[in-house]
Q: 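Pasting a structure here, questions to come.
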Amino acid sequence: NSSPVVHVSFPPSREPDADPFPAILPMIGVMGSFESPGATLEEPMDLYLHGYVSSRLMRLSASARAGNGDNNGGSESHDEGLPVSIAATKTDGIVLALTPNNHSYNYRSAILHGFARPVTSVEENLWAMELLTNNIVPDRWRSTRVPPNKAEMTSTQILKVRIVSASAKIRCGGPHDEKKDLRDGEVTQRVWTGVVPVWERLGAPVPGDDNRVAQVPAHVVDFVAKRNREREARALQALQEPE
């Protein structure tokens with residue numbers, strides 16, 4: 001949920017002249033549970049993705065939901081939905097070591113595998129749209145013109161991914177050099193080692209050309225300040241070696 005963009009991959013088309021490579025799209029996504037809105041990260045959740053209703057991913061997901069495959073010769077479908085993989089990565093630092101081979105990054109990454117199906121319930125669609133919007137900027141949903149009108153609801157589609165498996169990997173701490181290099185005084189006296197902390201910093205809000213509100217809303221100002229503090233603190237925390 002801390003990654004503003006996730007990358008979603010799905011199988012290639014089976015059409016004879018189609019691109020043979022798996023497709024991959026950057027998308028907005030958020031974890032949540034419509035059945036248990038108060039669920040924590042320790043409980044089962046689904047991944048909700050937002051996109052245009054006419055996109056190939058949405059079309060293939062709708063075909064998979066129907067359980068009859070892609071009528072135009074597209075990717076193989078499953079009764080439980082379209083098989084997808086989702087990746088998200090955050091970088092917390094650049095690790096500079098004595099040798100090029102031991103250079104690294106401090107990072108957090110997650111990979112999810114599951115089946116995507118379009119959300120058909122109006123109630124769940126609205127709930128997911130609110131969840132996605134507030135994950136971008138907390139409290140943004142009720143601070144805008146809502147609910148979406150009919151044209152907006154029909155032009156966008158929410159996909160719900162039921163997670164089948166997942167993996168995560170985290171790297172934190174400083175350089176991990178080999179003992180033989182650490183004992184080499186000539187090398188250790190010549191080569192600087194350490195970590196360059198990395199975090200995304202949000203800038204001051206800039207009003208749009210058509211903006212008519214003189215003061216930036218508190219929920220936006222507070223979000224920028226809080227998110228910058230959190231990201232810097234997380235990058236500095238990643239300097240510590242894992243216990």
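One-based numbering along the sequence shown.
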Q: May I ask you to check whether over 12 heavy atoms, not counting those of Arg190, lie within 6.0 Å of atom CZ?
A: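 Result for CZ/Arg190: enclosed.
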Q: Salt bridge or not for Lys90 and Glu200, using N-O below 4.0 Å?
A: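 Yes, Lys90 and Glu200 are salt-bridged.
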Q: Assess the residue pair Ile94 and Val195 against the criterion (side-chain contact (heavy atoms from CB on, under 4.5 Å)); give the C-alpha distance rounded to whole Å, side-chain angles, the decisive distance to 0.1 Å, and a yes or no.
A: CA-CA 5 Å; Ile94 303 170; Val195 178; 6.0 Å; no
Q: With the side chain counted from C-beta on, respond yes when Asp92 and Val198 share a heavy-atom pair under 4.5 Å apart, and no when they do not.
A: no
Q: What are the two closest heavy atoms between Thr99 and His103, and how far apart are they?
A: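 Smallest interatomic distance, heavy atoms only, reads O-ND1, 2.9 Å.
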Q: Does some side-chain heavy atom of Phe34 sit less than 4.5 Å from a side-chain heavy atom of Glu123?
A: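 When only atoms from C-beta onward are counted, Phe34 and Glu123 do touch, with a gap below 4.5 Å.
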Q: Using only atom types and a distance under 3.5 Å, with no angle test, would you say the side chain of Arg171 pairs donor to acceptor with the backbone of Gly173?
A: yes
Q: Are Val53 and Leu25 connected into the same hydrophobic cluster when the rule is that any two of I, L, V, M, F, W, Y join if their side-chain heavy atoms are below 4.5 Å apart?
A: no
Q: Are any of the side-chain heavy atoms of Pro11 and Pro22 separated by less than 4.5 Å?
A: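 Answer no - side chains too far apart.
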Q: Distance check, rounded to the nearest 0.5 Å: Met58 atom CE versus Ser63 atom OG?
A: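 So the gap between those two atoms works out to 13.0 Å.
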Q: Are Ile28 and Ile158 linked, directly or through intermediate hydrophobic residues, by side-chain heavy-atom contacts shorter than 4.5 Å (ILVMFWY only)?
A: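 Yes; Ile28 is reachable from Ile158 via cluster members.
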Q: For a side chain to side chain contact (heavy atoms under 4.5 Å, CB included) with His50, tell me which candidate from Leu132, Leu159, Leu131 qualifies.
A: Leu132
Q: Between Asn125 and Val119, is there a donor-acceptor pair closer than 3.5 Å when you use the side chain of the first and the backbone of the second?
A: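 Pair found, side chain donor or acceptor close to backbone of Val119.
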Q: Hey, are Arg142 and Glu130 close enough for a salt bridge, meaning a charged N less than 4.0 Å from a carboxylate O?
A: no
Q: Is there a path of hydrophobic side-chain contacts, each under 4.5 Å between heavy atoms, that joins Leu49 and Met153?
A: no
Q: Measuring from atom CG of Asn134 to atom CG of Asp139, what distance do you get when rounded to the nearest 0.5 angstrom?
A: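 Between atom CG of Asn134 and atom CG of Asp139 there are 6.5 Å.
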Q: Do Ser165 and His113 get their side chains close enough for a donor-acceptor pair, meaning under 3.5 Å?
A: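 There is no such pair (donor and acceptor under 3.5 Å, judged by atom type) between the side chains of Ser165 and His113.
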Q: Could you tell me if the side chain of Val164 sits less than 4.5 Å from the side chain of Phe115, heavy atoms only?
A: yes
Q: Calculate, to the nearest 0.5 Å, the distance between atoms CH2 and CG belonging to Trp141 and Leu126 respectively.
A: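 CG of Leu126 is found 5.5 Å from CH2 of Trp141.
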Q: Using every non-hydrogen atom in the two residues, find where Ala97 and Val191 come nearest and quote the distance to one decimal.
A: O-CG1, 3.9 Å
Q: If only atom types and distance count, is the side chain of Thr91 paired as donor or acceptor with the main-chain N or O of Gly93 below 3.5 Å?
A: no
Q: Is there a path of hydrophobic side-chain contacts, each under 4.5 Å between heavy atoms of I/L/V/M/F/W/Y residues, joining Val213 to Val220?
A: no
Q: Ignoring hydrogens, what is the shortest heavy-atom contact between Arg140 and Thr144? Give both atom names and the distance.
A: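 Here Arg140 and Thr144 meet closest at O-CG2, 3.1 Å.
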Q: Out of the candidates Val84, Ile86, Ile24, only one should pair with Phe10 under the side chain to side chain contact (heavy atoms under 4.5 Å, CB included) rule; please name it.
A: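 Filter result, single survivor: Val84.
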Q: Taking the side chain as everything from C-beta on, heavy atoms only, tell me whether Ile163 gets closer than 4.5 Å to Met45.
A: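 No. Closest side-chain heavy atoms not under 4.5 Å.
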Q: Grab the two heavy atoms, one from Val6 and one from Ala88, that are nearest each other, plus how far apart they are.
A: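 Residues Val6 and Ala88, closest heavy atoms: CG1-CB, 4.0 Å.
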Q: I'd like to know whether CZ of Phe223 has more than 12 heavy-atom contacts from other residues, nucleotides or ligands below 6.0 angstrom.
A: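 For Phe223, atom CZ is crowded (more than 12 foreign heavy atoms under 6.0 Å).
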Q: Taking Asp177 for the side chain and Leu182 for the main chain, is one N or O donor matched with an acceptor at less than 3.5 Å?
A: no
Q: Assigning hydrophobic clusters by single linkage (Ile, Leu, Val, Met, Phe, Trp, Tyr; side-chain heavy-atom cutoff under 4.5 Å), is Val137 placed with Met27?
A: no
Q: Quick one: OG1 on Thr40 to CD on Glu42, what's the gap to the nearest 0.5 Å?
A: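 Answer for the OG1-CD pair, Thr40 versus Glu42, is 4.0 Å.
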Q: To the nearest 0.5 Å, what is the distance between NZ on Lys169 and OG1 on Thr89?
A: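 Atom-to-atom, Lys169:NZ and Thr89:OG1 are 11.0 Å apart.
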Q: Counting N and O atoms only, with roles assigned by atom type, does the side chain of Arg227 sit under 3.5 Å from a partner on the main chain of Ala225, one being a donor and the other an acceptor?
A: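 The answer is no, because no donor-acceptor pair under 3.5 Å joins these two groups.
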Q: For a 4.5 angstrom cut-off between non-hydrogen side-chain atoms, does Trp127 reach Pro37?
A: yes
Q: At their closest point, which heavy atom of Glu43 faces which heavy atom of Ala39, and how far apart are they?
A: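 Glu43 and Ala39 have their closest heavy atoms at OE2-CA, 3.4 Å.
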Q: Are side-chain heavy atoms of Arg117 and Leu82 found at a separation under 4.5 Å?
A: no
Q: Over all heavy atoms of both residues, which pair between Leu96 and Pro175 is shortest? Give the atoms and the distance, please.
A: O-CG, 3.2 Å
Q: Keeping Asn1 on the side-chain end and Met31 on the backbone end, is there a donor-acceptor pair under 3.5 Å?
A: yes
Q: Using atom types as modelled, flag every donor-acceptor pair under 3.5 Å from a side chain in residues 229-243 to any protein atom, sequence neighbours excluded.
A:
from	atom 1	to	atom 2	distance (Å)
Glu241	OE1	His176	NE2	3.1
Glu241	OE2	Gly174	N	2.8
Glu241	OE2	His176	NE2	3.2

Q: Does the Ser55 side chain pair with the main chain of Gly51, one donor and one acceptor, at a distance under 3.5 Å?
A: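 Looks like no, no N/O pair under 3.5 Å.
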Q: Hey, is the main chain of Ala151 close enough, under 3.5 Å, to the side chain of Thr154 for a donor-acceptor pair?
A: yes
Q: Using 4.0 Å as the upper bound for N to carboxylate O, is an ion pair formed by Asp46 and Arg162?
A: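 Answer for the salt bridge query: no.
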Q: To the nearest 0.5 Å, tell me how far Glu124 CD sits from Lys160 NZ.
A: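 Here the interatomic distance stands at 4.0 Å.
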